[in-house]
There are 2 protein chains.
Amino acid sequence: MTPPLARFASLLADGTRATFCMALLDGRAWTAGELARYAGVAASTASEHITLLVAGGLLAEEHQGRHRYVRLATPRVAELIEEISVYADAGSPVPHKSLRGAVASEAMARARTCYDHLAGRLGVRVTEAMAARGLLGTEGGFTLTGRGREWLESEVGATLGGGRRPLVRACLDWTERRPHLAGAAGAALCQRLHGRGWVVRIGTQRAVRVTPDGATGLRDLLGLSPADLA
Amino acid sequence: MTPPLARFASLLADGTRATFCMALLDGRAWTAGELARYAGVAASTASEHITLLVAGGLLAEEHQGRHRYVRLATPRVAELIEEISVYADAGSPVPHKSLRGAVASEAMARARTCYDHLAGRLGVRVTEAMAARGLLGTEGGFTLTGRGREWLESEVGATLGGGRRPLVRACLDWTERRPHLAGAAGAALCQRLHGRGWVVRIGTQRAVRVTPDGATGLRDLLGLSPADLA
DNA sequence: GCCTTCCTTCGGCCGGCGCCGAAGCGTCCC
DNA sequence: GGGACGCTTCGGCGCCGGCCGAAGGAAGGC
């Protein structure tokens, strides 16, 4: 009766559910209660929303004791939501109302995670440095070159499993309006940078910060200057 | 207040508006009245929906006399809608209720346009044949090879302008579940096939048919067998 | 066992939104 | 000019769906 497109879109069309999904873009699993408090609704309300999102295939759930953990179902879902957000945000230039908000936004614009890979200025700079060094081909979509694969595995120490997930994928950055590296390679890279302590999460949100070690490492590895990381 | 993601998604969350967008995926401009009749709503209702979609940036309008022509705003919008549809359709296996519906669906699955490029089995076969012949690279997203560009320009007779639109792009086919060629190259190819009379539109919808000339041409050009076109 | 914590289910309320028909306006045709 | 046609605006109606609080499991700590 009502087209699948509409049924799917209606999942994201509610403010509270959309807020949940945006929060979950940090790639972590949240409990139902955390989401409820975050969005400012009653636990009962959140519970019903989560049930809908799970049934719609957007979220995956996992019960641990009395907690209901929930996360985005697949990387693909995260990418889809990011992609829609790019379009959605394009038409709404929202000025910052508070200093606190402006500071938080600035941190997000500087460096953040986009589900499981890097985004913001940092993500774009890293991506472009990789392209400049011939590690990434940029002709019509991204490609990982042979040198790029070797670089990731030996220099970065990432392991690129042979899963069904696309190796590289271009994800349009909603602050920079330019693509950054996503896909399995983007995720592996981000994971290693975290593992080496080169980037650390700021507070509870998606924003991250480059550590002094990270600044040195990224300079040696990709030639990124301090200005690229500011 | 309510997140941009939700405001955007709500545009597609209504059955009638979603029906409009799906219809417009044929790449043509429809009048407000045509859309109203197609979706089975009053003209007044359609008018209001169209106004919302235009304001939301999904549709572009053009007034000609007493007609209000409307089409998807950009190729990017079409791709976004297609992409969401892939995900939306995944969770809804809808059996055909009528013979007429089944025949129409079969024609759509065989060959159709996806906004301005080819889709369905035909679109996927063409894409894969191009890849097999080294015209298209498939490593992590599509790339047009040098031979591919030359082939398009001299063999097919397509002109690839230097616009801002990506040259090639992979568009996930919602019937085949495999990618087909989109982007500027996909559009140019599709346009030439129409221009040569190799494919013609069936009825008023998105489905197309390969003509006898087209069968010969596609065999010579890409080695496609009659089985590929069935 | 008892209490706390986390989650879910159930009613009930309320606002928003999609629908229509009537009326009005602009365009085109004769 | 007159009439047909396409579209839009406006009121009014009805329903869907998001919200909450209360009540009831289920898990965990003591």
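Proteins come first, then strands; the chains are lettered A, B, ... in the order of their sequence lines, and each starts at number 1. Remember, predicted model here, so these are calculated numbers, not experimental data.
Axis angle across the helix from dG1(C)-dC30(D) to dC30(C)-dG1(D), with five pairs used at each end and values rounded to 10°: 30°.
Atom CZ of Arg7(B) is separated from atom P of dC17(C) by 12 Å (rounded to the nearest Å). Atom P of nucleotide dC7(C) and atom CG of Leu59(A) are separated by 14 Å, given to the nearest angstrom. One interatomic measurement links the two molecules: CD1 of Ile50(A) to P of dC7(C), which rounds to 8 Å at whole-angstrom precision.
Note on Glu83(B) versus Arg169(B): no salt bridge recorded, every NZ/NE/NH1/NH2 to OD/OE distance being 4.0 Å or above.
Counting non-hydrogen atoms under 4.0 angstrom, Thr51(A) reaches nothing in the nucleic acid.
In terms of the salt bridge (Lys or Arg N to Asp or Glu O under 4.0 Å) criterion, Arg17(A) has no residue partners (sequence neighbours excluded). With sequence neighbours excluded, no residue satisfies salt bridge (Lys or Arg N to Asp or Glu O under 4.0 Å) with Arg196(A). For Arg66(A), there are no side chain to side chain contact (heavy atoms under 4.5 Å, CB included) partners two or more places apart in sequence or in a different chain. Applying the ring pair (Phe, Tyr, Trp, His ring centres under 6.0 Å) rule to Phe8(A) yields the partners Tyr87(B); only residues at least two apart in sequence or on another chain are considered. Among residues two or more places apart in sequence or in another chain, the salt bridge (Lys or Arg N to Asp or Glu O under 4.0 Å) test is passed with Arg192(B) by none. In this structure Ser44(B) satisfies the side chain to side chain contact (heavy atoms under 4.5 Å, CB included) test together with Ala42(B), sequence neighbours excluded. For Arg37(A), the side chain to side chain contact (heavy atoms under 4.5 Å, CB included) partners are Glu34(A), not counting sequence neighbours. In this structure Thr159(B) satisfies the side chain to side chain contact (heavy atoms under 4.5 Å, CB included) test with no other residue, sequence neighbours excluded.
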Heteroatom pairs (N/O) under 3.5 angstrom, protein to nucleotides 17-24 of chain D:
from	atom 1	to	atom 2	distance (Å)
dG18(D)	OP1	Arg17(A)	NH2	3.1
dG18(D)	OP2	Arg17(A)	NH1	3.3
dC19(D)	OP1	Thr16(A)	OG1	2.7
dC19(D)	OP2	His49(A)	NE2	2.3
dC20(D)	OP2	Ala42(A)	N	2.9
dC20(D)	OP2	Thr45(A)	OG1	2.9
dG21(D)	O6	Ser44(A)	OG	3.1

Exercise answer: donor-acceptor pairs, residues 114-122 of chain B side-chain atoms, under 3.5 Å, sequence neighbours excluded:
from	atom 1	to	atom 2	distance (Å)
Asp116(B)	OD1	Arg165(B)	NH2	3.3
Asp116(B)	OD2	Arg165(B)	NH1	2.9
Asp116(B)	OD2	Arg165(B)	NH2	3.2
His117(B)	ND1	Cys114(B)	O	3.1
His117(B)	NE2	Cys114(B)	O	3.4
His117(B)	NE2	His180(B)	NE2	3.3
Arg121(B)	NE	Ala230(B)	O	3.1
Arg121(B)	NH2	Glu106(B)	OE2	3.0
Arg121(B)	NH2	Ala230(B)	O	3.2

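Using a 4.0 Å cutoff on non-hydrogen atoms, the parts of residues 61-70 of chain B near DNA chain D are Arg66(B), His67(B), Arg68(B), ordered by number.
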